[in-house]
Amino acid sequence: MTDISPAVELAGLTKTFGPVTAVDGLSLRVEPGEVVAFLGPNGAGKTTTVDMLLGLARPDAGTVRVFGGPPSDAVRLGRVAAVMQTGGLLKDLTVAETVRLAAHFHAQPRPVAEVLERAGIADIADRPVGKCSGGEQQRLRFALALLPDPDLMVLDEPTTGMDVEGRRDFWQAIRADARNGRTIILATHYLDEADAYADRIVLVRQGRVVADGTTAEIKNLAAGRIVRATLPGADQAALAVLPGVQAVEVRGDAVLVRTDDSDTVARHLLTRTAARDLEITSRNLEDAFLALTTGTLTADPAPIGA
Amino acid sequence: MTVATSATTPARPVDRRPPALGGFSAAVLGIEIRRVLRNRRTLMFTLIMPAVFFLLFGLPQRGQELPNGQPVTAWIMISLAVYAAMVATTSAGAAVATERALGWSRQLRLTPLRPAAYVATKVVTAMVLGLLGVLVEFAVGAAAGVRIPADVWLVAGLAAWLGSLVFAAFGLFVGYLAPAENVMQFMGPVLAILAMFGGLFVPLELLPHAFQQIAKFTPVYGVGQLARAPLTGAGLDWVALGNLAGWTAVFGLGAARLFRRDTTRV
Ligand SMILES: Nc1ncnc2c1ncn2[C@@H]1O[C@H](COP(=O)(O)OP(=O)(O)O)[C@@H](O)[C@H]1O
Ligand SMILES: [Mg+2]
């Protein structure tokens, strides 16, 4: 590949639905070959962003570039393909017929048999789509997305509504797909999926990126602890400069400090201030995710993963 | 993180191009035609029912003659051929409603297939099914003893078939208006009423005057009159021609407008 433009470049992307701002000035750059999880709770604006990224929705403001051009060009050239939450299938066709039909829409499709094999549905090729389980239909959508051998694959909550077995089979199919150079963007609200599959996690909340880093960096968020104490009129600036402190938040009479070094914060609070009721809680990745995506502890997006 | 990079996979393709004709191809057309022919409901209403109508209502008129001496059975056969063609093309056009309701159209927007190629495929499929409707009706008529001059078979058949293009547009129009999976359940009775006003079931001359006057403005009237003209020797009927042109324009432009709204409604 001689391509030097980023796989995806979103700048100041904004989309509102009436009073709801679904995507709020979101910017994101994904380089070719990256495997990125777009992680956030329901309603964070993931699908709306993905729709704009694929040219299915027009942004109110901001720009979308896919491999340096508009998304429609990338779709037409088969450079981008997607497995979406919505997007139905024809019930009267079989699995193989669906893939065969869709193959004709591409200039240079991969062979149907190969695609069925890679999506793990070769054994149900002759089954009518209407008789396939949700997981099987999702793997069929994945097969359709594999047809152009896209440079960028977008997966939007691909395992929603699947049972445990369906999820396992789907991820098996995705993993088996050799990703040699393929850029992947996975929108999900499952932390474990992001953790297991992505090299980089972009956390979104209320249409904004609240954290962006390698999986390891995001995981480091979990290394910290939260020191909580009752301290009316806490001096936030003084706390923020203590070594290891990541974020400080005052909530009523309480102060919450997220830190890598809870001992120092605790010592400071107990010896230099009138703090009482002090408690220290450790956090795991789940907590970090919840904290960042629900706003229970304000995070500054810049330092995380920077 | 345990995603292994396979050493055997080829490098990413570099020379990419969009599909020729926006993805419109004979292969896709073939699949689409096979799909409609596999649909029992479609076959029932477009091929079998009009044929049965002929056997039920046409055959008893055997031996009767039109004022110009041509058989009444031929008049009924041609009318029912128009009916068969209009049901066929409407249902094939209205298939976009089902595909929109199922979300297939959205799926298609993630492929290089151009929306215009998709619609072209639907129109051609509709016309193939419409031709089949005319041919089956004529075959049943011929087998049941309808004898008319060869040029009447040809011109009446062509008029019934080509005139049904207006209903392919009608089907598309409805399909883009109402994304419902079962749109034909609603359209069946509508088509029957339109056929009634078009004089396909009962000659309009036998109906009240007011009914006849209204009928001239309904969309089946034109194609019905034009298809029967070679048989009745009525010559070129400008009212019928105007009716056909008018409704083709209305449904065609309506469908095009809704189609554009649908594809730009990104
Ligand atoms: N078509 C729409 N009309 C109105 N509101 C919408 C529409 N699509 C999304 N929203 C709203 O935008 C917000 C973001 O939605 P979405 O992008 O689907 O989030 P996610 O995919 O992260 O769950 C939600 O509050 C949702 O209710
Ligand atoms: Mg979503």
Side-chain angles (χ1 to χ4, degrees), chain A residues 1-3 32-33 35 51-52 54-58 72-84 86-93 97 100-109 141 144-145 147-151 154 175-182 184 195-199 215-216, chain B residues 1-32 34-42 95-96 98-115 117-118 121 179 181 263-266:
Chain A
M1 284 289 284
T2 53
D3 214 318
V35 178
D51 278 356
M52 291 188 282
L54 295 169
L56 296 174
R58 188 177 296 140
S72 54
D73 284 2
V75 168
R76 196 132 36 94
L77 292 172
R79 295 200 74 180
V80 55
V83 177
M84 301 294 284
T86 57
L89 299 164
L90 298 172
K91 293 181 201 158
D92 59 313
L93 296 181
E97 283 170 338
R100 231 173 280 137
L101 173 63
H104 290 296
F105 303 150
H106 299 276
Q108 302 132 298
R141 288 195 189 91
L144 296 179
L147 276 172
D149 196 9
D151 297 328
V154 181
R175 284 221 176 78
D177 172 44
R179 47 169 274 237
N180 187 17
R182 197 186 321 277
I184 295 173
D195 183 28
Y197 195 59
D199 305 330
T215 309
Chain B
M1 272 319 303
T2 52
V3 184
T5 306
S6 164
T8 56
T9 41
R12 308 239 46 79
V14 275
D15 67 321
R16 291 192 179 264
R17 53 189 157 85
L21 298 176
F24 180 91
S25 68
V28 172
L29 202 55
I31 294 174
E32 283 291 323
R34 246 176 295 145
R35 277 185 69 208
V36 296
L37 293 183
R38 219 159 50 177
N39 186 328
R40 291 220 189 95
R41 229 190 143 74
T42 308
V96 301
T98 313
E99 299 186 359
R100 285 176 72 219
L102 287 173
W104 178 245
S105 313
R106 196 175 150 87
Q107 186 77 35
L108 289 179
R109 290 175 62 195
L110 297 171
T111 74
L113 179 72
R114 303 312 298 258
Y118 172 75
T121 306
E181 219 177 311
T263 49
T264 54
R265 180 217 53 180
V266 288

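Any value given below was found using the heavy atoms of this structure, including those in side chains, with hydrogens, waters and symmetry copies removed. Residue numbering restarts at 1 for every chain, and letters A, B, ... go by the order of the sequence lines.
Interface check for chain B: of the options Met52(A), His104(A), Gln108(A), the most heavy-atom pairs under 4.5 Å are formed by Gln108(A). Per-residue counts of heavy-atom pairs under 4.5 Å with chain A were compared for Gly30(B), Ala20(B), Pro112(B), Ala101(B); the largest is that of Pro112(B). Chain B forms more heavy-atom pairs under 4.5 Å with one residue of Leu90(A), Asp92(A), Leu147(A) than with any other, namely Leu90(A).
Listed here is the closest heavy atom pair of Leu144(A) and Trp104(B): CD1-CZ3, 4.4 Å. Phe105(A) approaches Gly23(B) most closely through the heavy-atom pair CD2-O, 4.3 Å.
A donor-acceptor pair is defined here as one N or O able to donate and one able to accept, closer than 3.5 Å; such a pair exists between the side chain of Arg16(B) and the backbone of Pro148(A).
Side-chain contact between Leu102(B) and Lys91(A) is present, with at least one heavy-atom pair separated by less than 4.5 Å.
Separation of atoms CZ (Arg141(A)) and CD (Gln107(B)) is listed at 6.0 Å; rounding is to 0.5 Å. In this structure, Arg76(A) CZ and Thr111(B) OG1 are separated by 11.5 Å, a value rounded to the nearest 0.5 Å.
Looking at Arg34(B), there are no atoms closer than 4.5 Å to chain A (heavy atoms on both sides), in backbone or side chain. Residue Ser25(B) touches chain A through its side chain alone, counting heavy-atom pairs closer than 4.5 Å.
Salt bridge Arg109(B)/Asp51(A): absent, no basic N to carboxylate O contact under 4.0 Å.
Under the side chain to side chain contact (heavy atoms under 4.5 Å, CB included) criterion, Ala82(A) pairs with Leu54(A), Met84(A), Val154(A), Leu110(B), sequence neighbours left out.
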